[in-house]
Chemist: 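Dropping a structure here in structure tokens format, bear with me for questions.
This is a predicted model, so every value here is computed, not measured. This chain uses plain numbering: 1 for the first residue, then up along the sequence.
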Amino acid sequence: MSSSLFRTKNVEQSIRDTEEPEHALKKSLSALDLTVFGVGVIIGTGIFVLTGQVAKNNAGPAVALAFVAAGVVCALAALCYAEFASTVPVAGSAYTFSYASLGELPAWIIGWDLVLEFALGTAVVAVGWSGYMRSLLDNAGWHLPAYLSGRDGAHGFGFDILAALLVLVLTAILVLGMKLSARITSLVVAIKVAVVLIVIIAGAFFVQSRNYHPFIPPAQPVPAGASLKAPLVQLMFGWAPANFGVMGIFTAASVVFFAFIGFDIVATAAEETRNPQRDVPRGILGSLIICTVLYVAVSIVVTGMQNYTQLSVDAPLADAFKSIGHPWYAGVISFGAAIGLTTVCLILLLGQTRVFFAMSRDGLLPRFFSRVHPRFRTPHRPTILLGVIIAIVAGFTSLSELAELVNIGTLFAFVVVAISVIILRKTRPDLPRAFRTPWVPVVPIVSVCATLWLMLNLPAETWLRFAIWMVIGFAVYFLYGRSHSRLAHPEQPSEPEPAPPIS
């Protein structure tokens with residue numbers, strides 16, 4: 001039994017699976033497309049939504065240092081992702097990487113984790129987008145009823161109709177094809193980057209130095225009998241304050257880290273890239289560098305414009321300009337944020353459907369979901385299923401709870417990928433690697449340690465929810481995935497149905 005749990009799927013077999021006509025995705029993406037995808041998903045919630053929350057509750061003006069800390073952790077992980085994505089250019093990202101190095105059960109765990117990460121990530125951003133859209137509608141004199149805005153209505157009911165509709169529209173776009181998604185993303189990313197530059201350049205003229213004092217607010221005392229909402233490191237060791245101070249920066253980093261998860265989604269598109277060995281590492285590292293610089297610049301400007309204690313949680317950038325008497329800028333930012341957050345949702349949803357598709361192609365989930373559309377060559381079945389589920393989740397769930405759960409899933413994936421790089425270097429030194437992570441095993445080990453540190457700074461409540469999701473995942477694997485795995489039945493054909501024609 002132990003041997004079956006840790007059976008590996010070799011790299012060559014993974015690549016051969018991508019050539020089966022009924023399960024083959026269309027290769028249409030370039031290095032520029034991947035970089036745009038990365039920038040499109042990274043620049044989003046971290047700037048437009050979470051900046052105000054973590055500055056007000058955790059780090060004050062030092063939120064810029066939190067972005068730096070999160071960016072460093074991501075850079076270490078990005079080096080590991082780049083090596084794997086250039087060596088195993090197959091849909092599935094960390095799931096596929098761990099299947100080739102750690103074995104089937106670890107691969108299932110990480111795949112199950114990624115499904116949660118990307119699904120909730122899409123819901124988080126859809127909720128943030130809805131907040132900006134409601135702000136725009138309010139400015140125009142149109143007000144949605146409370147029960148359709150995600151708030152409690154008169155009878156205790158609240159459904160965020162805008163968030164749900166956004167997810168459904170993006171689901172339809174993904175079904176229609178990757179190239180269409182890339183073209184829409186390129187246009188929207190140009191608008192979003194322009195808005196970010198407006199914030200940096202225009203906001204710099206309204207910075208007041210007094211707003212930076214104190215740059216690192218003093219730590220608040222740890223209350224007696226800390227609750228589950230305290231960081232796990234506080235409950236374990238008793239020396240991590242919940243908010244502010246130096247430790248508050250790390251707590252903030254563990255939250256704003258959500259804003260950097262775009263580069264690992266670039267890896268999920270490796271199978272749909274024309275030259276993945278060269279272009280995927282460029283897309284991963286290039287998008288991460290660009291976005292880290294913009295994040296730090298925006299956070300410095302916004303906390304200089306308005307005191308961190310007065311920053312808005314729902315729309316901090318737009319409301320900062322309103323507070324200084326410039327509503328026109330606020331309107332432009334709200335428009336750019338609302339438009340820009342659509343690409344974040346689109347690419348997160350893309351990443352999730354590709355992981356789900358890869359797991360079903362391996363038999364760990366029903367093979368019904370692994371057949372691509374005969375015309376569009378997209379995994380339309382999992383895309384539609386997951387899109388509907390996420391739309392419902394986005395309509396009913398709050399922003400903060402979702403963001404923390406997404407973060408722990410992403411960080412867990414980073415740990416697995418870093419360990420997998422070391423293992424595959426030992427077990428398959430012969431594999432051609434277009435990109436090689438420098439200083440192995442030092443860089444992967446440092447990546448694991450830094451990632452675990454951020455994980456410990458997440459609330460224990462988040463760990464509890466994550467553990468429940470993992471228990472459900474184990475049950476699904478042992479009741480279904482293990483016995484239906486293609487590695488358990490290598491003699492069976494891929495699919496009894498004939499391959500659909502390629503138009």
Chemist: In chain order, what residues pass the side-chain contact (heavy atoms from CB on, under 4.5 Å) check against A434, with sequence neighbours excluded?
Modeler: S86, Q277
Chemist: Check the pair L105 / F474 against side-chain contact (heavy atoms from CB on, under 4.5 Å), numbers first and verdict last.
Modeler: CA-CA 9 Å; L105 179 59; F474 275 108; 3.9 Å; yes
Chemist: Using modelled atom types only, decide if a donor and an acceptor are shared between the side chain of T378 and the backbone of V175 within a distance under 3.5 Å.
Modeler: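 Looks like yes, one N/O pair under 3.5 Å.
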Chemist: Starting at OH of Y95, measure out to CG of L114 and round the result to the nearest 0.5 Å.
Modeler: 11.0 Å
Chemist: Mind checking the CG-CD spacing from L431 to E12? Nearest 0.5 Å is all I need.
Modeler: 6.0 Å
Chemist: State, to 0.1 Å, how close P366 and S360 come at their nearest heavy-atom pair, and which atoms those are.
Modeler: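 That closest heavy-atom pairing would be O-CB, 3.3 Å.
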Chemist: Can you list the steps and then say if L170 with I173 is a side-chain contact (heavy atoms from CB on, under 4.5 Å)?
Modeler: CA-CA 5 Å; L170 296 180; I173 293 174; 4.1 Å; yes
Chemist: Just by distance, do the side chain of S485 and the backbone of R482 share a donor-acceptor pair under 3.5 Å?
Modeler: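 Judged by distance alone, no pair lies under 3.5 Å.
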Chemist: What pair of heavy atoms forms the shortest contact from A70 to F260, and how long is it?
Modeler: CB-CE1, 3.7 Å
Chemist: Distance check, rounded to the nearest 0.5 Å: S186 atom OG versus I191 atom CD1?
Modeler: 11.5 Å
Chemist: Tell me, do W108 and M359 make a side-chain contact under 4.5 Å, heavy atoms counted?
Modeler: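 Yes - at least one pair of side-chain heavy atoms lies under 4.5 Å apart.
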Chemist: Is a side-chain N or O of W112 found less than 3.5 angstrom from the main chain of W469, in a donor-acceptor match?
Modeler: yes
Chemist: Looking at every heavy atom in both L288 and A78, which two are closest together, and how far apart are they?
Modeler: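 Closest approach of L288 to A78: CD2-CB, 3.8 Å.
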Chemist: For A267 and I284, work out which heavy atoms get closest and say how close.
Modeler: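 That closest heavy-atom pairing would be CB-CD1, 4.3 Å.
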Chemist: Can you tell me how far apart CG (L174) and CD1 (I347) are? Round to the nearest 0.5 Å.
Modeler: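 Nearest 0.5 Å value for the CG-CD1 distance: 9.5 Å.
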Chemist: Report yes if the side chains of L197 and L294 come closer than 4.5 Å at any heavy-atom pair, otherwise no.
Modeler: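 They are in contact (side-chain heavy atoms under 4.5 Å apart), so the answer is yes.
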Chemist: Under 4.0 Å between a side-chain nitrogen and a carboxylate oxygen: does that hold for E271 and R354?
Modeler: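 No, E271 and R354 are not salt-bridged.
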Chemist: Quick check on K27: does its NZ atom have over 12 non-hydrogen neighbours (other residues, nucleotides or ligands) under 6.0 Å away?
Modeler: yes
Chemist: Between the main-chain N or O of G40 and the side-chain N or O of T343, is there a donor-acceptor pair closer than 3.5 Å?
Modeler: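 Indeed, once roles are kept as given, a pair shorter than 3.5 Å links the two residues.
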Chemist: Give a yes or no answer on whether the side chain of T171 reaches the backbone of V167 with a donor-acceptor pair at less than 3.5 Å.
Modeler: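 Yes, because the side chain of T171 sits within donor-acceptor range (under 3.5 Å) of the backbone of V167.
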Chemist: Carefully, step by step, assess L102 and S98 under the rule side-chain contact (heavy atoms from CB on, under 4.5 Å).
Modeler: CA-CA 5 Å; L102 300 177; S98 55; 4.1 Å; yes
Chemist: I'd like to check V11 versus I15 (side-chain heavy atoms, cut-off strictly below 4.5 Å). Are they in contact?
Modeler: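 With C-beta onward as the side chain, the pair touches.
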Chemist: Is it the case that over 12 heavy atoms from other parts of the model lie below 6.0 angstrom from the CZ atom of F250?
Modeler: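 No, not enclosed.
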Chemist: Quick one, R428 and T87 - any side-chain contact, counting heavy atoms below 4.5 Å?
Modeler: no
Chemist: Using the rule side-chain contact (heavy atoms from CB on, under 4.5 Å), only one of P444, C449, S447 pairs with L76; which is it?
Modeler: S447
Chemist: Quick check: does any side chain N or O of T437 sit under 3.5 Å from a backbone N or O of L79, one acting as donor and the other as acceptor?
Modeler: yes
Chemist: Short question: side chain of W463, backbone of L456 - any donor-acceptor pair under 3.5 Å?
Modeler: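 No, because the side chain of W463 does not come within donor-acceptor range (under 3.5 Å) of the backbone of L456.
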Chemist: Could you check whether any side-chain heavy atom of F412 comes within less than 4.5 Å of a side-chain heavy atom of I109, counting everything from C-beta outward?
Modeler: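 Heavy-atom side-chain distance check passes, below 4.5 Å.
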Chemist: Shortest non-hydrogen contact from A391 to F159?
Modeler: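 The pair with the smallest heavy-atom distance is O-CZ, 4.2 Å.
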Chemist: Taking H373's backbone N and O only, do any of them form a donor-acceptor pair with R375's side chain (distance below 3.5 Å, no angle check)?
Modeler: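 Absent.
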Chemist: Quick one: pull up CD1 in I110 and OH in Y99 and give me the separation to the nearest 0.5 Å.
Modeler: 14.5 Å
Chemist: Should the pair Y81 and F97 be assigned to parallel (<30°), tilted (30 to 60°) or perpendicular (>60°) ring geometry?
Modeler: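 Ring orientation, 0 to 90° scale: perpendicular.
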Chemist: Side chains of L364 and E104, heavy atoms from C-beta outward: is any pair under 4.5 Å?
Modeler: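 Yes. Closest side-chain heavy atoms under 4.5 Å.
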Chemist: With a 3.5 Å distance limit and no angle check, can you tell me whether R377 reaches the backbone of L25 through a side-chain donor-acceptor pair?
Modeler: no
Chemist: Quick one: do D362 and K9 make a salt bridge, cutoff under 4.0 Å?
Modeler: yes
Chemist: Between I43 and K192, what is the shortest heavy-atom contact and its length?
Modeler: O-NZ, 2.7 Å
Chemist: Just wondering, do I161 and L165 contact through their side chains at under 4.5 Å, heavy atoms?
Modeler: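 Yes; the side chains approach each other to less than 4.5 Å.
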Chemist: Does R465 come within less than 4.0 Å of E461, counting only side-chain N to carboxylate O?
Modeler: yes
Chemist: Is the closest side-chain heavy-atom distance between R367 and H484 below 4.5 Å?
Modeler: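 The answer is no; the side chains never approach within 4.5 Å.
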Chemist: How long is the gap from CG on L29 to OG1 on T35, to the nearest 0.5 Å?
Modeler: 11.0 Å
Chemist: Quick test of your reading of the model: are E83 and R425 salt-bridged, counting only N-O distances below 4.0 Å?
Modeler: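 R425 and E83: salt-bridged.
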Chemist: Check for a donor-acceptor pair, side chain of R381 on one end and backbone N or O of F368 on the other, with a separation under 3.5 Å.
Modeler: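 Looks like yes, one N/O pair under 3.5 Å.
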Chemist: Would F118 and T410 satisfy side-chain contact (heavy atoms from CB on, under 4.5 Å), going step by step from the backbone distance to the final call?
Modeler: CA-CA 9 Å; F118 293 149; T410 308; over 6 Å; no
Chemist: Are side-chain N/O atoms of D33 and S30 paired as donor and acceptor at under 3.5 Å?
Modeler: yes
Chemist: Would you say the side-chain atoms of S130 and D160 include a donor-acceptor pair closer than 3.5 Å?
Modeler: yes
